[in-house]
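To start, the structure under review is shown below, and the notes come after it.
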Amino acid sequence: PVALSTEDLRARLATVLARARARSAALTECVDESELVAQHSPLMSPLVWDLAHIGNQEELWLVRDVGGREPVRRDIDEIYDAFKHPRADRPTLPLLNPDEARGYVTEVRDKVWDILDRSPLTGRPVERDGFAFAMIAQHEQQHDETMLATHQLRSGPAVLRAVPAPDPVRAVTPAEVVIPGGEFTMGTSTDPWALDNERPAHRVHVAAFALDVAPVTNGQYREFIADGGYERAELWSERGWAHRQSAGLTAPQFWERDGAGDWWRRSFGLLAPLNPNQPVVHVCYFEAQAYARWAGKRLPTESEWEKAARWDPTTGRSRRYPWGDEEPGAEHANLGQRHLEPAGVGAYPRGRSPQGVDQLIGDVWEWTSSDFLPYPGFAAFPYREYSEVFHGGDYKVLRGGSFGTDPVACRGTFRNWDHPIRRQIFAGFRCARDVGARDDRTRDVTES
Ligand code: AVJ
Ligand code: FE
């Protein structure tokens with residue numbers, strides 16, 4: 001969205017808002033009323049809470065703030081304030097029923113179309129480059145991904161459909177590449193729709209390291225299990241082992257083993273044999289950490305991940321995506337719920353980074369070893385509750401987006417975070433490894 005005319009920008013904002021709404025509708029039309037108000041897991045809100053919360057955020061930012069209009073439903077602000085009620089308590093709130101929620105989001109959106117038509121898309125920081133409209137489209141898509149996770153947790157017959165993810169077209173060899181040491185630009189000060197925690201751009205020195213060219217697959221993870229990975233305390237961090245014990249972890253969430261010892265995976269109401277080529281998904285940070293130790297590796301830091309995803313060795317510039325600055329297309333990455341599963345590793349050669357790292361964007365969120373902290377020069381914008389209140393909490397950063405992440409809410413700078421015990425998100429990981437200065441020199445010589 002750089003250097004668009006105001007009318008092109010307006011059209012693009014309309015496109016991303018409409019796409020988000022079509023997805024919210026699809027995720028809430030395929031189940032009956034009782035399933036919309038039910039709690040499918042104490043970790044999740046009822047779907048009908050997410051839907052009205054989407055409308056309430058849109059009302060707060062676009063109708064009241066940008067539009068300067070009278071409230072549509074000031075009386076429901078409290079119910080849909082995520083900080084007032086934990087997810088587990090939301091089913092007991094006097095929520096709008098499904099018809100009321102649909103009516104509410106439609107009423108808000110109708111006003112927003114008018115406000116979008118009239119906004120100069122410049123001037124106040126929240127309106128500049130259509131930031132508030134883009135923020136609201138990203139917010140809706142983030143809740144759509146959360147609703148997709150709720151669908152994965154619900155029991156009962158499958159209701160969502162999608163074509164299978166593409167098959168691998170190349171072998172992922174070598175297994176890892178060395179990213180040379182040196183500075184790169186992390187974060188952004190120029191991407192108009194980047195959220196506050198992605199800002200500002202700043203220089204970071206990253207020592208040379210090796211990074212796996214692909215996320216860890218189900219097949220590889222199955223080896224870790226077969227080798228006693230869940231029984232060997234020495235592979236786990238102290239906190240990780242305590243959690244493994246108390247939660248009784250023995251395999252990724254949604255894996256099931258049959259009498260013959262073969263693994264199956266339950267996905268959106270369907271049970272299928274485990275696909276060994278697909279990235280493992282629904283593992284917590286502690287499982288990722290234990291696997292990495294078992295493999296003689298470690299998780300990448302957030303800055304390592306971003307350097308691998310953005311740094312262009314030819315120009316020294318940081319780009320928007322591993323493949324360049326071009327918006328993600330179906331050929332680049334598995335995003336946007338086009339498929340209901342991660343693609344096998346090697347399925348997206350067009351999405352590869354200059355250094356040959358595959359599938360950094362899409363498929364599965366990737367756990368990093370970094371805590372969620374502000375960048376130097378961070379300023380909360382436009383509200384403290386998006387990022388700032390989570391800084392320094394018990395959160396690990398995840399990068400890259402999943403098959404359930406819309407392109408508008410995914411880029412090389414995008415930062416997600418969650419508690420290290422969480423598994424209901426579409427999270428996997430890839431491994432990294434330290435390399436000595438010698439590896440770095442060797443690489444320079446072979447390249448010249
Ligand atoms: C950035 C995905 C952690 O879902 O809790 C939604 C996004 N913030 N509504 C979340 C968000 C406010 C957030 N994550
Ligand atoms: Fe929200």
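Both counts, for ligands and for their atoms, begin at 1 and track the order of listing. Keep in mind it's a predicted model, so treat the numbers as computed, not measured. Counting begins at 1 with the first residue of the sequence.
Counting just the N/O/S atoms of H143, the one with the shortest distance to the Fe ion (ligand 2) is named NE2.
Atom 5 (O) of ligand 1 has its closest protein heavy atom at R87 NH2, 4.6 Å. T146 OG1, 4.2 Å is the protein heavy atom nearest to atom 4 (O) of ligand 1. Taking atom 8 (N) of ligand 1 as the reference point, the nearest protein heavy-atom neighbour is Y386 CE1, 3.6 Å. With respect to atom 7 (C) of ligand 1, the closest heavy atom belonging to the protein is Q142 OE1, 3.3 Å.
A donor-acceptor contact closer than 3.5 angstrom is absent between the side chains of T368 and E302. Under the 3.5 Å distance criterion, with hydrogens and angles disregarded, a donor-acceptor pair is assigned to the side chains of N56 and D77. Side chains of T185 and R203: a donor on one and an acceptor on the other come within 3.5 Å. Under the 3.5 Å distance criterion, with hydrogens and angles disregarded, no donor-acceptor pair is assigned to the side chains of T122 and R128. Checked by atom type, the side-chain pair Q57/Y80 shows no donor-acceptor distance below 3.5 Å.
The protein reaches atom 14 (N) of ligand 1 closely, with a heavy atom under 4.0 angstrom from it. By the definition of a contact as any protein heavy atom under 4.0 Å away, atom 11 (C) of ligand 1 is in contact.
No donor-acceptor pair under 3.5 Å is formed between the side chain of R384 and the backbone N or O of V389.
No option in H139, Q141, E145 other than H139 meets the side-chain hydrogen bond (donor to acceptor under 3.5 Å, both in side chains) test with H143.
Of the polar atoms of H139, at least one N or O is found under 3.5 Å from an N or O of ligand 1, judged by distance alone.
Atoms NE2 of H53 and NE2 of H139, as seen from the Fe ion (ligand 2), are separated by an angle of 90°, to the nearest 10°.
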Derivation and outcome, side-chain contact (heavy atoms from CB on, under 4.5 Å), residues L299 and W305: CA-CA 9 Å; L299 296 178; W305 190 97; over 6 Å; no
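Within 6.0 Å of atom CZ in R124, more than 12 heavy atoms from other residues, nucleotides or ligands are found, so the atom counts as buried in its surroundings.
Interface atoms of ligand 1 facing N416, defined by a heavy-atom separation under 4.0 Å, are 1 (C), 2 (C), 3 (C), 14 (N). Listed by atom number, the atoms of ligand 1 under 4.0 Å from H143 heavy atoms are 6 (C), 9 (N).
Residue-level proximity to ligand 1 for D418 is absent, since no heavy atom of it falls below 4.0 angstrom. Of all the heavy atoms of E145, none lies under 4.0 Å from any atom of ligand 1, so neither backbone nor side chain is involved.
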